[in-house]
Amino acid sequence: MRSRGSPQVVVGALAVWPLLLLLPLGVPVVSATELTFELPDNARQCFYQHVAAGARASLEYQVITGGHYDVDCRLEGPEGGVLYTETRKQHDSFAWTSERGGLHSFCFSNEFSTFSHKTVYFELQVGDEAPLMPEMGRRVTALTQMESSCVSVHEGLRATLDYQTHHRLRESQGRARAEELRTRVALWSLGETVLLLLVGAGQVLLLRGFFSEDRRAQARS
């Protein structure tokens, strides 16, 4: 995968990994990519992935931090045709089958935001997962107990990976909101402290003015 965009964009964490599940059983590799990156205000970041003709692919993204947690997303095919476009979405997913093989591009835009930058996570999967065992697609008999156990473990591992990813995203969102709330509370407390000091100083000056007027009146009498 290649990426191209604003030079201000700072990539936070990149994890490109193939799902190597039960290789001794002959399962082919399914290409998958996960990426978390910073998207500054008034910026646009594009990524590119080659998808073969007839291959199924899916894109899932979510804004973790920043502003109203929204971003624009646009997916284009190898000839520039728009496959998917959404504006100001917090999270979404899209699956498609490539009619023509070639380089697909998907762009995230924060150009509508003037002050807040975003942290965006996305996951791209390309290719269909083949049966756990090659002979499963040709057999007409029931699975053995060992084969059923392998399928159950395989599905459980996939579900665990999905749960872990979503929990990490929720944890990141919660931590960012907690830090933002802590900053607001600290600023509010600081403002209250300054206000109390100003009110106290004003009261002292006002009382001193009263006593000064009394002394002047007594001196005149």
Side-chain angles (χ1 to χ4, degrees), residues 1-19 29-53 55-128 161-181 183:
M1 172 179 292
R2 295 181 299 170
S3 66
R4 182 179 64 188
S6 172
Q8 299 175 350
V9 174
V10 179
V11 175
L14 176 62
V16 180
W17 44 275
L19 297 177
V29 174
V30 179
S31 174
T33 302
E34 286 183 302
L35 176 64
T36 303
F37 65 96
E38 297 287 339
L39 185 61
D41 53 283
N42 295 318
R44 177 184 177 91
Q45 179 77 0
C46 293
F47 301 87
Y48 301 86
Q49 174 67 41
H50 185 275
V51 181
R56 290 184 55 83
S58 63
L59 173 67
E60 180 180 2
Y61 64 92
Q62 180 174 348
V63 182
I64 302 176
T65 62
H68 296 288
Y69 299 88
D70 53 356
V71 71
D72 296 344
C73 182
R74 182 183 179 91
L75 172 64
E76 295 183 357
E79 296 182 353
V82 179
L83 303 177
Y84 167 87
T85 178
E86 286 290 345
T87 58
R88 300 197 176 188
K89 295 283 289 188
Q90 295 183 355
H91 56 84
D92 201 5
S93 60
F94 176 72
W96 76 97
T97 301
S98 177
E99 297 181 356
R100 303 179 66 92
L103 201 62
H104 289 63
S105 66
F106 51 101
C107 301
F108 299 95
S109 174
N110 193 29
E111 295 174 333
F112 58 87
S113 179
T114 307
F115 301 102
S116 60
H117 72 279
K118 312 290 176 60
T119 303
V120 183
Y121 162 86
F122 74 85
E123 179 182 5
L124 177 67
Q125 293 186 358
V126 179
D128 291 326
L161 289 174
D162 293 337
Y163 285 137
Q164 287 179 341
T165 299
H166 288 294
H167 282 305
R168 284 198 302 268
L169 294 177
R170 290 180 180 179
E171 188 272 336
S172 299
Q173 285 183 335
R175 183 175 65 252
R177 291 178 179 177
E179 292 177 354
E180 181 181 359
L181 180 60
T183 302

Worksheet entry | Value rounded to 0.5 Å, distance of OG in Ser116 from OH in Tyr69 | 10.5 Å
Worksheet item: Knowing that exactly one of Gln173, Arg175, His167 qualifies, which makes a side-chain hydrogen bond (donor to acceptor under 3.5 Å, both in side chains) with Glu171?
Response: Arg175
Fill in: Greater than 12 external heavy atoms within 6.0 Å of Arg170's CZ
no
Worksheet item: How far does CD1 of Ile64 sit from NZ of Lys118, to the nearest 0.5 angstrom?
Response: 13.0 Å
Worksheet item: Once you round to the nearest 0.5 Å, how far does CD of Glu38 lie from OG1 of Thr119?
Response: 3.5 Å
Discussion item. Run the side chain to side chain contact (heavy atoms under 4.5 Å, CB included) test on Val120 and Gln45 for me, step by step, so that the C-alpha distance in whole Å, both residues' side-chain angles and the decisive distance to 0.1 Å come before the verdict.
Written reply: CA-CA 10 Å; Val120 183; Gln45 179 77 0; over 6 Å; no
Discussion item. Whether the side chain of Asp41 engages the backbone of Ser113 through a donor-acceptor N/O pair (distance < 3.5 Å, no angle test) should be reported.
Written reply: no
Fill in: Stepwise side chain to side chain contact (heavy atoms under 4.5 Å, CB included) test for Cys73 and Leu59
CA-CA 11 Å; Cys73 182; Leu59 173 67; 4.3 Å; yes
Practice prompt. State yes or no: are the ring centers of Phe122 and Phe108 separated by less than 6.0 Å?
Written response: yes
Item to complete: Report the distance from atom CH2 of Trp96 to atom CZ of Arg56, rounding to the nearest 0.5 Å.
Response: 10.5 Å
Fill in: Smallest separation among heavy atoms of Pro78 and Gly102, with atom names
CB-CA, 3.8 Å
Item to complete: Let me know which of Glu123, His91, Gln125 forms a side-chain contact (heavy atoms from CB on, under 4.5 Å) with Glu60.
Response: Glu123
Discussion item. Donor-acceptor check, side chain of Asp70 to backbone of Val63, threshold 3.5 angstrom: yes or no?
Written reply: no
Discussion item. I need the minimum non-hydrogen distance between Lys89 and Glu86, along with the two atoms involved.
Written reply: CG-CB, 3.5 Å
Practice prompt. Tell me, with the steps shown, if Asp72 and Arg88 meet side chain to side chain contact (heavy atoms under 4.5 Å, CB included).
Written response: CA-CA 5 Å; Asp72 296 344; Arg88 300 197 176 188; 3.8 Å; yes
Worksheet item: Can we say the SG-SG distance for Cys107 and Cys46 is below 2.5 Å?
Response: yes
Worksheet item: Measuring from Glu179:CD to Arg177:CZ, what's the distance to the nearest 0.5 Å?
Response: 13.0 Å
Practice prompt. Compare every heavy atom of Thr65 with every heavy atom of Ser172, then report the nearest pair and how far apart it is.
Written response: O-CG2, 4.4 Å
Item to complete: Specify the closest pair of heavy atoms between Leu124 and Phe106, including all atoms of both residues, with the distance to one decimal.
Response: CD2-CE2, 3.8 Å
Worksheet, complete the sentence: Minimal heavy-atom distance between Leu39 and Ser109, with the atoms involved, is CD2-C, 3.9 Å
Response to the item:
Separation between CG (Leu35) and OH (Tyr61), nearest 0.5 Å, reads 15.0 Å
Item to complete: State, to 0.1 Å, how close Asn110 and Pro40 come at their nearest heavy-atom pair, and which atoms those are.
Response: ND2-O, 3.2 Å
Discussion item. Between Phe47 and Phe37, is the ring centroid distance below 6.0 Å?
Written reply: yes
Discussion item. Is it the case that over 12 heavy atoms from other parts of the model lie below 6.0 angstrom from the CD atom of Glu99?
Written reply: no
